[in-house]
Amino acid sequence: MKSYQPHIFVVLFILLQFCGENPVEKGKKAFLEKNYNESIKLLTSSDIAKQSRTDQINEVIVLSYMYRGKELYEKTKNVKSFSGNYKSSLKYLPDSVSSNFKTEYSILLGDLSEAYAKAKAENEFEQDKFNKNSI
């Protein structure tokens, strides 16, 4: 039996190297590190069934989409990248939200509105749409 103990230790050590945080914890950590792409990827993965997503997880998904959109807008000045992320976030918007989420989300919606107000449209129809979205 003693000759197997070192082998068992090695196998357990290797297994522990592959066991880490679950996708939810990794997703939250990625959000805190401002790695919004990774956060979205992890928290919307098939590993986390829709039924097991809590309102808190959905809040992080929504904010990840919004911050990613804001970052893209700041780099490209293309409001469509911001609005596209906003639209993607809507399917994760929880029914019940925390007060912190309300505050942060309101600020991001204001940023989106401001982006629409500054956007340069390609034609009058698009400018009208941007103006309506800004309001």
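The analysis underlying the following values was restricted to heavy atoms, covering all of them including side chains, and did not include hydrogens, waters or symmetry mates.
- Residues passing the side-chain hydrogen bond (donor to acceptor under 3.5 Å, both in side chains) test with D55, sequence neighbours excluded: none.
- Rounded to the nearest 0.5 angstrom, L72 CG and K80 NZ are separated by 14.5 Å.
- Considering only heavy atoms from C-beta on, K28 comes within 4.5 Å of Q56 through its side chain.
- Cluster annotation: L42 and V24 are assigned to distinct hydrophobic clusters (Ile/Leu/Val/Met/Phe/Trp/Tyr, side-chain heavy-atom contacts under 4.5 Å, transitive).
- Under 4.0 Å is where a charged nitrogen must lie from a carboxylate oxygen, and between E71 and R68 no such pair does.
- Applying the ring-ring contact (aromatic ring centres under 6.0 Å, His included) rule to F101 yields the partners Y105; only residues at least two apart in sequence or on another chain are considered.
- To the nearest 0.5 Å, the span separating CD on E104 from OG on S99 amounts to 11.0 Å.
- Transitive grouping of hydrophobic side chains (ILVMFWY, heavy atoms separated by less than 4.5 Å) brings L93 and I61 into a common cluster.
- N85 and G69 get closest at one heavy-atom pair: ND2-CA, 3.5 Å.
- A search for side-chain hydrogen bond (donor to acceptor under 3.5 Å, both in side chains) contacts involving N58 returns nothing, not counting sequence neighbours.
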**OP:** Could you please spell out the steps behind the side chain to side chain contact (heavy atoms under 4.5 Å, CB included) verdict for M66 and L109?
**Re:** CA-CA 8 Å; M66 294 297 288; L109 287 175; 4.1 Å; yes

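- Taking the ring axis of F31 as reference, the NZ or CZ atom of K29 does not stay both within 45° of it and closer than 6.0 Å to the ring centre.
- If you check the side chains of E114 and Y73, you find no donor sitting under 3.5 Å from an acceptor.
- Taking both residues in full, the closest heavy atoms of P94 and V62 are given as CD-CG2, 4.4 Å, listed atom of the first, atom of the second, then distance.
- A heavy-atom distance below 4.5 Å is not found between the side chains of Y86 and L108.
- Remark: the backbone N or O of V60 is paired with a side-chain donor or acceptor of S64 at under 3.5 angstrom.
- One finds the NZ atom of K70 at 13.5 Å from the NZ atom of K75 (value rounded to the nearest 0.5 Å).
- With S39 contributing its side chain and Y36 its backbone, the two residues share no donor-acceptor pair below 3.5 Å.
- Grouping the Ile, Leu, Val, Met, Phe, Trp and Tyr side chains by contacts below 4.5 angstrom, directly or via other members, places L32 with Y92.
- The number of heavy-atom neighbours closer than 6.0 Å to CD of E74, taken from other residues, nucleotides and ligands shown, is above 12.
- Contact between E59 and V97 at its shortest, heavy atoms only, is OE2-CA, 3.2 Å.
- Using a 4.5 Å cut-off on side-chain heavy atoms (C-beta onward), L90 and Y65 make no contact.
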